[in-house]
Every structure is written in structure tokens, then in C-alpha cells.
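In what follows, every chain begins at residue 1, and chains take the letters A, B, ... in the order their sequences are listed.
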2 protein chains.
Amino acid sequence: MSKITINVVAARANVSKKTVSRVLNNEPNVSDKTRKKVTDIAEELGYKPNPLARGLASNQSFILGLLYDNPNTNYINNIQAGALQVCQDKDYHLLIHPCKASSDQLVNNVKELISHSRLDGLVLTPPLSDFPELIDFLLTSKTPFVRIGATENLNCSSAVVSNDEQTSYEMTQYLISLGHTAIGFVKGHPQHNSATERFQGFQRALKTANIKLHEKWLQQGDYTFDSGEHCARQILTMNEKPSAIFCSNDYMAAGVLKVANQLEISVPHQLSVTGFDDAPISRYIWPTISTIQQPVEAMARQATSLLIEKLKIPDGEETTVVLESQLIKRESSAPPFKRISR
Amino acid sequence: MSKITINVVAARANVSKKTVSRVLNNEPNVSDKTRKKVTDIAEELGYKPNPLARGLASNQSFILGLLYDNPNTNYINNIQAGALQVCQDKDYHLLIHPCKASSDQLVNNVKELISHSRLDGLVLTPPLSDFPELIDFLLTSKTPFVRIGATENLNCSSAVVSNDEQTSYEMTQYLISLGHTAIGFVKGHPQHNSATERFQGFQRALKTANIKLHEKWLQQGDYTFDSGEHCARQILTMNEKPSAIFCSNDYMAAGVLKVANQLEISVPHQLSVTGFDDAPISRYIWPTISTIQQPVEAMARQATSLLIEKLKIPDGEETTVVLESQLIKRESSAPPFKRISR
DNA sequence: GTGAAAGCGCTAACAG
DNA sequence: CTGTTAGCGCTTTCAC
């Protein structure tokens, strides 16, 4: 069906190939009249430029790579959806590339990927966004890239980030405003800088409110359900328990909920639990988990747009865009249990 | 860095371009000696053929499309992972394409996608695998495709399927073997043929065991958590309740669990609940859900391999591969509650 | 403003 | 078994 090439459009419009090409690429030096004529005829014929030919001639591939190493399928799915939207819109392809951050072959893998698939640019997601070796390589090889959720070296590339520290601060403030002063915390995966940010926001809120952080209620998780379970078992079997536990993500919060249930600690009556990410599980579990929603899809959209812009203006400025997260109050948080005392 | 084209390889090997090309594509009519020489030199130079040039010349794109419309991010992620593995292995690209099965523009969308992105072939996932209009279009336009989880018209294309009906039968048998005779059922999304298969397996097991299916305990869900909740509320507020509920997927089972909890019906003590799919939530919720695990990733791998083979031998036979699912017993199923009577 | 010629890196079709 | 000659459909260069 589609044997419509640039040649037939040119012939029909009585202009040269090059003029059609100019119109297609929005180049200057075409009279408005010619431009319109070509546009109309292209439209009428349903002409679509062949990306392969285009790429071959201009040494581009119109393929963007999306790199990730993230166990959280929900996060990745949202990222993909956002990136895909922009790609479709701007006639780029998106190559999904899962990889292992822990592998010492990471940089080599990516190098191979770029050269082999002729990628025009890369979108990095956490924790890859803050991987020094990878960043270094991309910088020295002059591969265009943008980073999502990066926290370090923000001026070395464009980036789209959320304000985890601040939202974490607000979540903690919320717990404090409910009356909690004995608050535990389950940290996220040490390789993810979000884990640090979230913890820092928590610390800052405690300091501001003059509340002491009990080391014993501070546990190191790794963003998995199992780690949440494990940490909760540590905290909730102590004699002196906190009245609230702030978990660095929802899976860990779900793990805490499970342990609370097993230990017959009623949530939120005897214990408040909060999460982060607004993962589906936060709505499916009972009680539903108070959490924080990041605009993940919007972040991916922004990042992809930035990347494509950068491809067009290679020496443009590096931008950092901050998108705001949002606190979602659900059933797992409430004022602390008051012992009927005296 | 990579200015190594077929020309430099040819020059270095003292042969023509075409000979190099032949070696690369594993074509016959090259002496072993020449073949080895070329292979070695290509290796040494780290030569990688430019897919764009290759595609342009041979009218292929080496891009496969993965079509889906599925709310289940976990399923899609596994499918993607499997398809990706094979694509990387065989030097294909995978273009992820979410779409709306409900849209009357579906066929047009896909048509546009294929022509615009020059896709070589398509992998279809449920419920798209059984969409007559789409299948018809692909067939008449001679677009190569394979289907995952198709149930209809199995000889019109290669397909990779699982034995949902049989596994559903076995799950039901398992419930019966525990002693359940009053068993409710929550159906899946009517647009997914898996929903029918799962229900049929259930029916067959009941019939085999001579157990009557109570219409009132049969509810129509749509594979979402919310629908599970809704159906459970119907069933569990009746005077006469079943002692087990078989849900067509895990999200709905989780919804049932939530309602049971609210109604203070203890699972599995007073009520057994089973799911389907082995979604993460089946392990994260309490009690953990007895379910069925499909080899989703392996299915995607198979399907992608079949597609690539078909691309090479366009008139080869259409194959149907069946992969076995597996019953996973967890905490949500147990023998029925015996009233301490008389 | 526009066009002609050359070529991106590869494969197809044919010739030897 | 191997090489030659033409392109694939587009962009680039440079001329007009």
C-alpha cells in the first residue's frame, strides 16, 4: 500500500525532493506557498517518511533508550507509559532496556547497546540516574541523556526530579500533627538516592519539632516487601514500641502491616503506618496505606521531551525540572492510641 | 568511534562487500575459508552492521511490535521481559505499544503503527489475541504475527497458550478435595477469553464431582480489585454463604479478602479464597493467596521466537505451543469450617 | 528560495 | 563460489 515516497510527493507537487525534505523538517528557506502545497499533497497522499532512510542519511536512528533497573514494576510501567506518549507524538521509537546496576558490566552493556542499536539518546531512571561510572561514560562519549530522579551532579545533564525530601518532611509533619512523637522509620534501598532523600526529610521534620529520633526504631530496608516484614519484626517486638512507622515505600509498609497483624497490633488504632509511592498495593491492602504520590508518568513525559529537545539543540542548556509529589491520607494513619491510664 | 562499515571489513579481508554480506547473513555459497576470514576480521574490528542501512536495503526494520491492552502491569512486565530477551538475542528491536481494545479505532491505530514504524511483525497479548477485527486485518494485510493466550481460530496464526481450563479444573478439584462443596466463583473480564476458560474448568470440575453450581454464588467481575470487592459483598452478605470462593484472578481475590475481613469472616478458617496469576499481591496480602502461576515470561519468549522464525520462513507452518501452569497452595485455602454441632 | 548530484551502509539481482 | 552494478528513501552539500 505505502509505496508513497518522497519522490512521488515531489513529483505531484512539482518541486524537488529537497524542497519536500525541507518542508518535512521545518527548515527555513521555503516560501509559504510552496510549503503549503507540499504539506497538502503529503497529507492527501498519506505520506509518511521512512524512518530508516531518514536515519541512514542523517546518521540518526530516532530511537531513544529507556534504561532501568528497578524491581518496582508499577513505577517502571508508569515511566514507560509517559515516555511512550512523547515518543509517539514526536515520531521517536523507545527501546526498553532493563539492566543490572549491580553488574560490573553495566557500562559495557550500555556502550554496546548504544553503538549497536544506534540510540540517539538515553533516559535514565533511578538508581541508574546516579551511577557515577555510567554518567561519566555518557558524558565523555557525548551521548545525550536525561535523568529521572537524579540527586547528584544536577548540572551535568538535564533532569526531572521530584521533591522527595520535602514531601517526606510533610508526611512526618502530618504524623507529628496527629500527635505522634514516637516514630519509627524504615529506610529504603541504600543504592537508591531517594532512600537518602526520604530519610533526610524525616529527620528534618523531627528536628524542627524537637523530637528525638530513636536509633532503635530506625531500620534499614531495601524497598522490598520482605525487608519491610523483617524490619517490622525488629521494631514491633521491642518492649518500647513507636506509635507510628514511616516506611520509605509502600511495599515495605505492606510488610509492616502484615507483621502488625500477626502480632495483633491494630493499625491505625495502636500503630500508624505510612508509605511512599502510591503503589497499587497501598489501596488493595487493609487498612489502605497513607502514602505519597509522585507524578511518575508526568516526570517521564518531561524527561523524554527534554531529551528530544536536546537532540535538536545539542548545546542547549541543561535544565532541571522539579515536579511536586502529593500526600495521600488513607486509613493507616491516625492519632496515637491513648492508654486509659491512672 | 564506530566508523567501521562493511566496506572496511571487505577491504581488510580482500573480498567484496557482497561476500561480507553473505557471511553476515549466513547465506550459502561462501567457502569455509573465506567465511572464517571474514568472521575473524569482523570480530577483530568489532564490526556491527548498521541496522538502518540493512533495513533500508532489504525492506525490513528488524522491529517487532508488542501490542497490549491489559491493566495488569505485572503480567505485561513479564511479557515484556520475555520478549525483550529474545529480541536482544536475535538482534531485533521491540516496540512496546499499549492500545485500547475498546476503541473503535483499534484497527486503524495498528494499521498506522505498522506502516509508520515499519514493523516486521507483531506479538499480540490477551485480550487482543482474540480480537476478530484485528486478526482479520493482520491476516488480509499479510502482517506476520503470533498470539499469546489466544483461544480462538488457533490455526490462523502461531500461538503460545497456557492450559487455563485444565489448571482451573485442578484448582477446583483441590478445593473439593479439601471438603468444599459450597463454592462461589468470581468471573473475569468478559472481553478476556481467559475468563471463559477459567470458568469452564471450574464448571467441569464441579460436574465431575457431582456438585451443584449455585447461580447466586456466581458473580461477574472484571479482573479488578474493585470488582472483587463488589462481588464479595454480594456473596458474603447472603444468608447462605459458600465455604470457598474461587476468583478468576488475584486482584479480585484480594478484594474478596478485604470484604471478608470487614465482615469478620476469617480466611481460611471460615472461608477459603483462591486466585489466579500469582500476582505479587498474592504474596503480600495476609493471608497469602493460593493461586495459579502461568509461565508468562516463557510464553513471551516462545512467542517472540516463533515470530522471528516465521519472518525467516514466511510460509512455514503455524504452530501452537502449550505451556503448563502450576497450582500454588498458600494460606488462603483450607478445609471448610465445621460447626461444632450436636 | 530552490534544485542537482552525491552518498549514508547495506542488500538484490544478476553476471561471471 | 565470488564480484559488479544498482538501488532502498532520505539528507547533505553546494550550486543556482
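Phosphate contact (OP1/OP2 of C:dC10, side-chain N/O of B:Ser58, threshold under 4.0 Å): absent. For A:Asn7 and D:dG9, the shortest distance from a side-chain N or O to OP1 or OP2 is not below 4.0 Å. Note on B:Ser31: a side-chain N or O is less than 4.0 Å away from OP1 or OP2 of D:dT2. B:Ser21 has a side-chain polar atom (N or O) that falls below the 4.0 Å cut-off from OP1 or OP2 of C:dT11. Contact between the side-chain N/O atoms of A:Thr5 and the OP1/OP2 oxygens of D:dG9 is not found at any separation under 4.0 Å. Between B:Asn25 and the phosphate of C:dT11, there is a side-chain N or O to OP1/OP2 separation shorter than 4.0 Å. Within the 4.0 Å cut-off from OP1 or OP2 of C:dG9, not a single side-chain nitrogen or oxygen of B:Arg54 is found.
Nucleotide C:dA6 holds its C1' atom 10 Å from the NZ atom of A:Lys17, rounded to whole Å. For A:Glu27 and D:dT11, the CD to P distance is 8 Å, given to the nearest whole Å. Rounded to an integer number of Å, the gap from CG of B:Asn14 to P of D:dC1 is 20 Å. In this structure, A:Asn29 atom CG and C:dG3 atom C1' are separated by 13 Å, rounded to whole Å. Distance, A:Leu24 CG to C:dT2 C1': 16 Å, rounded to whole Å. The nearest whole Å value for the distance from the CG atom in A:Leu52 to the C1' atom in C:dC8 is 12 Å. At whole-Å resolution of the value, NZ in B:Lys36 and C1' in D:dT2 are 20 Å apart. One interatomic measurement links the two molecules: CG of A:Asn59 to P of D:dT11, which rounds to 13 Å at whole-angstrom precision.
Residues A:Arg22 and A:Pro49 both approach DNA chain D. Their nearest nucleotides, taken by heavy-atom distance, put A:Pro49 toward the 5′ side. For A:Ser16 and B:Gly55, each mapped to the nucleotide of DNA chain C holding its nearest heavy atom, the one lying further toward the 5' end belongs to A:Ser16. Along DNA chain D, the nucleotide closest to B:Thr19 and the one closest to A:Lys18 are compared, and the more 5′ of them pairs with B:Thr19.
Residue B:Leu56 comes nearest to A:Leu52 through the heavy atom pair N-CD2, 3.5 Å, listed as atom of the first residue, atom of the second, then distance. Heavy atoms only, all atoms of each residue included: B:His192 and B:Pro127 are closest at NE2-CD, 3.4 Å. Closest heavy-atom contact between A:Val86 and A:Ser305: CG1-OG, 3.7 Å.
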Legend entry - Residues B:Asp40, B:Lys36; criterion salt bridge (charged side-chain N to carboxylate O under 4.0 Å, His left out); working and verdict: CA-CA 6 Å; B:Asp40 287 351; B:Lys36 179 158 177 17; 2.7 Å; yes
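Looking at heavy-atom distances under 4.0 Å, B:Asn50 makes contact with sugar-phosphate atoms alone, never a base. Nucleic acid contact for A:Pro28: none, since no nucleic acid atom lies under 4.0 Å from a heavy atom of the residue.
Partner of A:Ser157 under the side chain to side chain donor-acceptor pair (under 3.5 Å) criterion, chosen from A:Arg147, A:Lys310, A:Glu318: A:Arg147.
No hydrogens or angles were tested; on distance alone, nothing pairs the side chain of A:Arg35 with the base of C:dG1 as donor and acceptor under 3.5 Å. Not a single donor-acceptor pair, N or O on each side, falls under 3.5 Å between the base of C:dG9 and the side chain of A:Arg118.
You'll find that the side chain of B:Val15 is closest to D:dG3, out of C:dG9, D:dG3, C:dT2. Closest to the B:Leu56 side chain, of the nucleotides D:dG9, C:dT2, D:dC1, is D:dG9.
With respect to the salt-bridge test (charged N to carboxylate O, under 4.0 angstrom), the residues A:Glu309 and A:Lys90 do not qualify.
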